[in-house]
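To start, the structure under review is shown below, and the notes come after it.
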Amino acid sequence: EQHEAKQQEIDVLEVKGAHTLPDETIGQKMNKAGHAFKTTAQQTNLTARLKLLERDMKIRKEQFGVTVYNECFEDDSKSGGDGSGDSAEKKKGRNPIKRLSESVIKNLSKQEQAIQQCLEQAQADIHAIQLKMDRKQRELNALSNGETEPMLG
């Protein structure tokens with residue numbers, strides 16, 4: 001029974017990473033404690049660096065999304081109208097995504113169709129948010145002009 005208890009204690013020590021017998025001197029204990037602090041500090045450092053990289057990845061994905069959205073749904077009125085650097089489709093005022101969806105949507109792969117749906121959903125969401133922003137701006141303007149009640153609707 002004592003043998004099984006000692007074996008279980010040794011197994012627990014091995015699982016915890018202590019593959020040696022218990023420390024006998026203060027020096028051994030301090031050495032082990034120092035090693036444990038060093039390992040913990042390294043783990044914390046690596047965890048922090050990993051979180052920073054995850055944040056950088058998220059920021060880059062957001063930048064990518066903004067860039068793609070702006071390229072796909074750029075408003076002609078915001079482009080300046082000078083035509084510099086614009087493709088022929090943009091000069092004609094056509095949205096290349098809409099033209100694509102109308103002409104060859106049946107021939108798109110599943111992945112391309114999913115991308116097309118994401119773009120259309122993003123465009124609808126942005127439009128809905130823009131309408132809410134416009135309504136709030138009108139309410140703010142009405143309050144600024146001395147109206148006491150905000151406009152409804």
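Just so you know, residue 1 is the first one in the sequence shown, and it goes up from there. Computed from a prediction, not measured in an experiment: that's the story for all the values here. FYI, side chains are in, hydrogens and waters are out, and symmetry mates aren't considered; it's all heavy atoms of this structure.
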If you define the side chain from C-beta out and look only at heavy atoms, does anything of Leu53 sit under 4.5 Å from Met57? no
Taking atom CZ of Arg138 and atom NZ of Lys136, what is their separation to the nearest 0.5 Å? 10.5 Å
Hey, could you give me the CZ/NZ distance between Phe37 and Lys32, rounded to the nearest 0.5 Å? 14.0 Å
Can you name the side-chain hydrogen bond (donor to acceptor under 3.5 Å, both in side chains) partners of Asn141, sequence neighbours left out? Gln137
Determine which pairs satisfy ring pair (Phe, Tyr, Trp, His ring centres under 6.0 Å) with at least one residue from residues 45-72, sequence neighbours left out, and list them in order. Tyr69-Phe73
Which distance, rounded to the nearest 0.5 Å, do you find between the OG1 of Thr47 and the CG of Leu50? 7.0 Å
Partner residues of Thr44 under the side-chain contact (heavy atoms from CB on, under 4.5 Å) criterion, sequence neighbours left out: Thr40
Okay, side chain of Asn31, backbone of Gly27: is any donor-acceptor separation there less than 3.5 Å? no
Report the residues that fulfil side-chain contact (heavy atoms from CB on, under 4.5 Å) with Asp125, sequence neighbours left out, ordered by chain and then residue number. Gln121
The side-chain contact (heavy atoms from CB on, under 4.5 Å) partners of Glu112 (sequence neighbours excluded) come to Leu108, Ser109
Taking atom types as modelled, is there a side-chain donor on Gln113 or Gln117 under 3.5 Å from an acceptor on the other? no
As an exercise, state the distance from CD of Gln123 to SG of Cys118, rounded to the nearest 0.5 Å. 13.0 Å
Euclidean distance, Leu140 CG relative to Asn145 CG, rounded to 0.5 Å: 9.5 Å
Can you pull out every side chain to side chain donor-acceptor pair (under 3.5 Å) where at least one residue sits in residues 48-67? Sequence neighbours excluded, please. Asn45-Arg49
